[in-house]
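Accompanying notes for the structure given below.
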Amino acid sequence: MNKTNENIKKCHKCLIKSNAANKLNFTELDELDESCVQVTFKASEIIFKQGALSSNIIYLSSGLVKIVIDGPNREQILKVIKAPCYLGIPTTVGDKINHYSAIALEKTTACFVDVSTFKNFIKLNSDFAYEVILDLCKNELDQFQRCVNLVQLQMHGRMAKQLLFFANEIYCSDEFELPLNRNDFANLLCSSREIVSKILSEFNNEGIISLNGKKIKILDKEKLQFIYQNG
DNA sequence: GCATTAACCACAG
DNA sequence: CTGTGGTTAATGC
């Protein structure tokens, strides 16, 4: 965790401002600047922890993160999320204490914004507030979608969907390296590492993907789409 | 019954 | 940490 606050007025110059932050005027950006600290994390470092007091809104400016919650029986990976995005608006605004943890999957940089500053923007700048709501709504829709998929699709369908998600949404490439080991990947899909192993090598043998450890190349996207839609 | 799906276990690189 | 094979339980023709 290295502080990188050598730049003065860094928020003004920031090229990856959130849609919300783009609605802030000059003075507000000054305020943001004063209440904002940028931190970098290495893979597997904890960005914030479930149960801890949360007094910051976190904006991911680069990197990849997994959101994890302690369930009744074991920990559950809720989702994998890519910068740029807000992290944990619900967990910071909705309660004093974090309801889930965020863990970096690769080198990640995050801006910690004081929650009172953030709340002030919401109260005083309706364009900012609207963008925040939009973001929250999109997230909720995504989660609903993921929820039905997990509950109603069989494993092959869930796997196909997840591979398509990594290719289309996260890496924007049909060739990528899984950011998770088999256990975590299984956890994300609500399954077991054994099944994940078996299905991946099945897809590999059928020429749908080419598999080499964590390196995956999607060879037949239509087939994956078909598997996702049919079972 | 019989087939399919997926979890759990054991064992091996 | 992974991959495979066997066993088992649940569910659906």
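The chains referred to below are lettered A, B, ... by the order of the sequence lines, with proteins before strands, and numbering in each begins at 1.
- Between A:N187 atom CG and C:dT2 atom P the separation is 13 Å, expressed in whole Å.
- With rounding to whole Å, A:R158 atom CZ is found 9 Å from B:dA6 atom C1'.
- What separates CD1 of A:I195 from P of C:dG3 is a distance of 13 Å, to the nearest Å.
- Legend: ring pair (Phe, Tyr, Trp, His ring centres under 6.0 Å) pairs involving residues 54-82 of chain A, not counting sequence neighbours, sorted by first then second residue: A:Y59-A:Y86.
- Dashed line: the shortest gap from a side-chain N or O of A:S197 to OP1 or OP2 of C:dT2 is not under 4.0 Å.
- By the side chain to side chain contact (heavy atoms under 4.5 Å, CB included) test, A:N168 pairs with A:L164, A:K221, sequence neighbours left out.
- Residues A:T109 and A:L60 are not in side-chain contact: their nearest non-hydrogen atoms beyond the backbone lie 4.5 Å or more apart.
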Ring pair (Phe, Tyr, Trp, His ring centres under 6.0 Å), that's the test. Do A:H12 and A:F26 meet it? Break it down for me. CA-CA 8 Å; A:H12 285 278; A:F26 193 88; 4.4 Å; yes
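- Taking atom CG on A:L178 and atom P on C:dT2, their separation rounds to 10 Å, with Å as the unit.
- Side-chain atoms of A:R193 come within donor-acceptor range of the base of C:dG3, with a qualifying N/O pair under 3.5 Å.
- Protein atom CD of A:Q152 is 17 Å distant from nucleotide atom P of B:dT5, rounded to whole Å.
- Inter-residue side-chain proximity for A:N181 and A:K214 is flagged as met; some heavy-atom pair is nearer than 4.5 Å.
- For A:E194 against B:dC9, a side-chain N or O and a base N or O form a donor-acceptor pair under 3.5 Å.
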Nucleotide by nucleotide, 5' to 3', does protein get under 4.0 Å of the base (B), only the sugar-phosphate (S), or neither (-) in nucleotides 6-13 of chain C, counting heavy atoms? B-------
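- Atom CZ in A:R182 sits about 9 Å away from atom C1' in C:dG3, given to the nearest Å.
- In this structure, A:N204 places its CG atom 10 Å from P of C:dG3, rounding to the nearest Å.
- A close approach under 4.0 Å does not occur between any side-chain nitrogen or oxygen of A:S191 and OP1 or OP2 of B:dA6.
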Ring pair (Phe, Tyr, Trp, His ring centres under 6.0 Å) between A:F118 and A:F128, intermediate numbers included: CA-CA 10 Å; A:F118 188 84; A:F128 179 90; 5.4 Å; yes
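- If you measure from atom CG of A:L189 to atom P of B:dA7, you get 10 Å, rounded to the nearest angstrom.
- A salt bridge does not link A:K217 to A:D174: none of the charged side-chain nitrogens sits closer than 4.0 Å to a carboxylate oxygen.
- Of the side-chain N and O atoms in A:S201, one or more sit less than 4.0 angstrom from OP1 or OP2 of C:dT4.
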